[in-house]
Trainee: 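Take this structure, written in structure tokens, and hold onto it; I'll ask about it next.
Everything numeric in this text was worked out from a predicted model, so none of it was measured.
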Amino acid sequence: MDILNTRFKNIREKLHLSQKDLGNELGLSNSGISNIEKGIRSVTDKHIKLLSAVFNVNETWLRTGIGEMFIEPDDSAIEQLAKTYNLDKFDQQLLLTYLELPKSDRAILKKYILNLSAKISAPTSSTD
């Protein structure tokens with residue numbers, strides 16, 4: 001098995017994702033992920049770019065093993081938002097935590113908030 005395939009599997013395990021969940025995030029089937037991890041299928045440039053974009057994987061580490069597995073998110077954008085909108089540390093951490101969630105978890109959270117909002121704004125019936 002190619003070292004790139006091993007690193008691909010290491011990323012999935014570090015993210016605590018099943019093959020199915022990783023596949024959903026990258027637009028690959030469960031069997032596609034399995035075949036990559038077994039070395040049956042090669043890791044392509046497209047896979048590398050997707051891992052980098054979706055999970056902040058360090059492309060250099062994935063290709064060569066040099067550096068850290070993940071790239072630390074750029075906090076300067078959060079800091080700029082904090083200045084513009086007078087955000088405290090809790091607000092900043094809330095934003096950062098949300099942004100670091102996998103796309104599927106963000107979708108669940110958004111659905112929950114929308115449902116909660118609909119319940120709050122729905123007119124209440126009165127029997128007076």
Trainee: Start with the C-alpha gap between Leu99 and Arg106, add the side-chain angles, then the distance that decides, and say whether side chain to side chain contact (heavy atoms under 4.5 Å, CB included) holds.
Mentor: CA-CA 8 Å; Leu99 295 172; Arg106 289 193 311 260; 5.6 Å; no

Trainee: Would you say the side-chain atoms of Thr64 pair up with the backbone N or O of Thr60, donor to acceptor, closer than 3.5 Å?
Mentor: yes

Trainee: Is there a side-chain contact between Leu81 and Leu87 (heavy atoms, below 4.5 Å)?
Mentor: yes

Trainee: Do Ile33 and Ile40 belong to the same hydrophobic cluster, where Ile, Leu, Val, Met, Phe, Trp and Tyr are linked whenever their side-chain heavy atoms lie under 4.5 Å apart, directly or via other members?
Mentor: no

Trainee: Evaluate the side-chain proximity of Leu114 to Lys111: yes if any heavy-atom separation is below 4.5 Å, no if none is.
Mentor: no

Trainee: Out of curiosity, Leu101 CG to Ile108 CD1, how far, rounded to the nearest 0.5 Å?
Mentor: 9.5 Å

Trainee: I'd like to know if the side chain of Asp91 reaches the main chain of Asp88, judged simply by a donor and an acceptor atom lying under 3.5 Å from each other, with no hydrogens or angles considered.
Mentor: yes

Trainee: What is the distance from atom CG of Leu4 to atom CG of Leu62, rounded to the nearest 0.5 Å?
Mentor: 5.0 Å

Trainee: Using a strict 4.0 Å threshold on nitrogen-to-oxygen distance, state whether Arg12 and Glu37 make a salt bridge.
Mentor: yes

Trainee: Could you state the interatomic distance from CD1 (Ile71) to CD (Glu59), rounded to the nearest 0.5 Å?
Mentor: 8.0 Å

Trainee: So Leu109 and Tyr98, side chain to side chain contact (heavy atoms under 4.5 Å, CB included) or not? Walk me through it.
Mentor: CA-CA 9 Å; Leu109 183 58; Tyr98 174 79; 3.7 Å; yes

Trainee: Roughly how far, to the nearest 0.5 Å, is CD1 of Ile11 from CZ of Phe8?
Mentor: 7.5 Å

Trainee: About how many Å separate NZ of Lys49 and OG1 of Thr44, when rounded to the nearest 0.5 Å?
Mentor: 11.0 Å

Trainee: Could you check whether any side-chain N or O of Asn58 sits under 3.5 Å from a backbone N or O of Glu68, counting only pairs where one atom can act as donor and the other as acceptor?
Mentor: yes

Trainee: Linking I/L/V/M/F/W/Y whenever any side-chain heavy atoms sit under 4.5 Å apart, do Leu96 and Ile113 land together?
Mentor: yes

Trainee: Evaluate side chain to side chain contact (heavy atoms under 4.5 Å, CB included) for Leu51 paired with Asn56, printing each intermediate quantity in order.
Mentor: CA-CA 7 Å; Leu51 284 168; Asn56 292 327; over 6 Å; no

Trainee: If I take atom CD from residue Glu25 and atom CZ from residue Phe55, how far apart are they, to the nearest 0.5 angstrom?
Mentor: 4.5 Å

Trainee: Has Thr84 got a side-chain atom pairing as donor or acceptor with Gln80's backbone, closer than 3.5 angstrom?
Mentor: yes

Trainee: May I ask you to say whether Arg63 pairs ionically with Asp45, meaning some side-chain N is under 4.0 Å from a carboxylate O?
Mentor: yes

Trainee: Does some side-chain heavy atom of Asp21 sit less than 4.5 Å from a side-chain heavy atom of Leu15?
Mentor: no

Trainee: For the side chain of Asn5 and the backbone of Arg41, is there at least one donor-acceptor N/O pair under 3.5 Å apart?
Mentor: yes

Trainee: With side chains defined as the heavy atoms from C-beta onward, is the minimum distance between Met69 and Asn10 less than 4.5 Å?
Mentor: yes

Trainee: Is any side-chain heavy atom of Leu116 closer than 4.5 Å to one of Tyr112?
Mentor: yes

